[in-house]
Amino acid sequence: MISANDLSPAELAALLHFHADAGVEWLLEEEAIDRFAEFEAMKAARRPAAQAQQQRPAAGERPAPVQSPARPNTAARPAPAERAASGPQPAIPDGEAVQQARFVAETARSLVELKTAIETFNGCNLKHSARSTIFASGDAESGIMVIGSAPSAEDDREGLPFSGKSGQLFDKMLAAIGLTRSTILLTQVIPWRPPGNRAPSAAEMDICRPFIERQIALAEPKAILLLGNFSARFFFGENDTIHGLRGRWKEIAAADCVIPAIASLHPQDLLTAPVNKRLAWNDLLAFQAKLKSLSLLGN
């Protein structure tokens, strides 16, 4: 076993980041436990029972009572439930949390107010394991909105959507159709990274839905580009893969707004399977043509 004392500060930081990206939330228990002593106690407790089984009683003889094996002494440390109760408990998604999220979102009168409301909202357990709250960035007056799925590990570290290699490719995709991050409104469906990059649960999606819908309602975009399988399913309400959902214009509603939207592959999908870049390019061209028809992008 490698001791933390044997690691340099840089190696220790890299190790901690690795555990955080893997979804590890607790490294140590509140009370130290001597596992070696606990194991020896368990072995000692088993010996009387094993000896009693070997000494079978003779015919007609009443067997001697066998004492129950002694358990390791755990009175000195709290039970797991007690240890969990002593620390901060994440909120469990439920109907009450959904109602609270709706109220918080609806009372926000601007994107600035909504950002503050989301950052102070504690009704979703995803927030307790994430480092950052990812909110809309860019030009809210542009009429152009791009919505990703959920924050990645790089997004969570940087506090910005589409960071790392995926973000670098995303910037190239925007530049190819005459856009930049500063000329669009960029956001994600889920503001907090799920542990280990797992898919958000249905309850977590229900809690986050009022926040993303309120972002759309306040920004009032004229056209939306959805990136990724999760984002497309979330808004289109279909269970098909991104290959079946991409490239077709549909309408999505948020409050009193009905906005045309088209879905395409997420930059991470293109890094994993570069052969799909031609499909994404066709979608980007369709999005560019729509922006030009709406006078949101020059010729």
Side-chain angles (χ1 to χ4, degrees), residues 98 101-102 104-106 108-111 114 118 134-150 161-162 170 173-174 176-179 181 183-191 199-200 202 204-267 269-270 276 278-299:
V98 174
R102 288 175 182 167
V104 168
E106 291 172 358
R109 299 304 175 193
S110 67
L111 288 173
L114 183 59
I118 295 176
I134 308 299
F135 190 74
S137 62
D139 186 2
E141 304 295 329
S142 65
I144 306 170
M145 196 169 191
V146 178
I147 305 177
S149 300
F162 292 92
F170 175 69
M173 293 167 63
L174 290 178
I177 58 173
L179 297 173
R181 289 178 184 246
T183 57
I184 64 172
L185 186 65
L186 177 62
T187 190
Q188 293 178 324
V189 175
I190 306 295
E204 291 162 352
M205 289 190 288
D206 288 341
I207 289 178
C208 294
R209 182 177 293 276
F211 297 139
I212 184 60
E213 289 184 346
R214 189 59 176 163
Q215 289 183 60
I216 296 173
L218 291 172
E220 297 183 343
K222 305 301 181 184
I224 294 178
L225 174 64
L226 304 173
L227 294 178
N229 190 67
F230 175 79
S231 181
R233 287 181 174 181
F234 184 89
F235 284 103
F236 292 162
E238 302 179 28
N239 293 322
D240 204 349
T241 66
I242 188 61
H243 291 277
L245 298 174
R246 54 156 290 274
R248 292 181 287 127
W249 284 97
K250 297 186 179 183
E251 291 185 338
I252 61 177
D256 297 330
C257 302
V258 178
I259 307 104
I262 189 172
S264 186
L265 290 96
H266 193 281
D269 299 333
L270 303 180
N276 290 324
R278 60 183 180 83
L279 300 177
W281 175 239
N282 291 333
D283 300 336
L284 289 174
L285 291 178
F287 188 62
Q288 182 188 49
K290 172 67 75 172
L291 298 182
K292 290 181 176 179
S293 69
L294 296 173
S295 301
L296 298 175
L297 187 63
N299 294 323

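Keep in mind it's a predicted model, so treat the numbers as computed, not measured.
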Within residues 238-258 or reaching into it, pairs that qualify as ring-ring contact (aromatic ring centres under 6.0 Å, His included) - sequence neighbours excluded:
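Residue pairs with at least one partner in residues 238-258: there are none.
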Heavy-atom side-chain proximity of [X] to [Y] below 4.5 angstrom:
| X | Y | result |
| --- | --- | --- |
| I177 | W281 | yes |
| M173 | L270 | yes |
| Q215 | I212 | yes |
| F135 | L111 | yes |
| L179 | L291 | yes |
| L227 | P267 | yes |

Residues in side-chain contact (heavy atoms from CB on, under 4.5 Å) contact with [X], at least two apart in sequence or another chain:
| X | result |
| --- | --- |
| D206 | V98 |
| S142 | D139, I144 |
| R109 | E113, R214 |
| P200 | I190, P194, E204, M205, F230 |

[atom1]-[atom2] distance between [X] and [Y], expressed to the nearest 0.5 angstrom:
| X | Y | atom1 | atom2 | value |
| --- | --- | --- | --- | --- |
| L279 | S264 | CG | OG | 8.0 Å |
| I252 | I224 | CD1 | CD1 | 3.5 Å |
| L297 | I184 | CG | CD1 | 11.5 Å |

Which heavy-atom pair separates [X] from [Y] by the least distance, and what is that distance?
| X | Y | answer |
| --- | --- | --- |
| P210 | A105 | O-CB, 3.5 Å |
| A286 | I262 | CB-CD1, 3.9 Å |
| P161 | R181 | O-NH1, 3.0 Å |
| V189 | F235 | CG2-CE1, 3.8 Å |
| A254 | A217 | O-CB, 4.2 Å |
| A232 | I242 | CB-CD1, 4.0 Å |

Can you list every pair that meets side chain to side chain donor-acceptor pair (under 3.5 Å) and has a residue in residues 220-239, with sequence neighbours left out?
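Matches after skipping sequence neighbours: E238-K250.
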Positive for side-chain contact (heavy atoms from CB on, under 4.5 Å) with I147, one of L186, I216, L185:
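Only one of L186, I216, L185 forms a side-chain contact (heavy atoms from CB on, under 4.5 Å) with I147, namely I216.
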Salt bridge (charged side-chain N to carboxylate O under 4.0 Å, His left out) partners for R209, two or more places apart:
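Counting only residues at least two positions away or on another chain, R209 forms a salt bridge (charged side-chain N to carboxylate O under 4.0 Å, His left out) with E213.
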Test of understanding: with side-chain hydrogen bond (donor to acceptor under 3.5 Å, both in side chains), list the residues that count as partners of S137, not counting sequence neighbours.
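So S137 forms no side-chain hydrogen bond (donor to acceptor under 3.5 Å, both in side chains) with any residue.
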With sequence neighbours excluded, what pairs up with S293 under the side-chain hydrogen bond (donor to acceptor under 3.5 Å, both in side chains) test?
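Once residues adjacent in sequence are excluded, S293 has no partner under the side-chain hydrogen bond (donor to acceptor under 3.5 Å, both in side chains) criterion.
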List in chain and number order the residues that pass ring pair (Phe, Tyr, Trp, His ring centres under 6.0 Å) with F170, two or more places apart in sequence or in another chain; answer none if no residue qualifies.
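Testing F170 for ring pair (Phe, Tyr, Trp, His ring centres under 6.0 Å), a comparison that skips the adjacent residues, returns F162.
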For F211, give me all partners under ring pair (Phe, Tyr, Trp, His ring centres under 6.0 Å), at least two apart in sequence or on another chain.
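Partners of F211 under the ring pair (Phe, Tyr, Trp, His ring centres under 6.0 Å) test: F121.
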Listed once per pair and sorted, the salt bridge (Lys or Arg N to Asp or Glu O under 4.0 Å) pairs that draw on residues 283-296, sequence neighbours left out
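Residue pairs passing salt bridge (Lys or Arg N to Asp or Glu O under 4.0 Å), neighbours aside: R246-D283.
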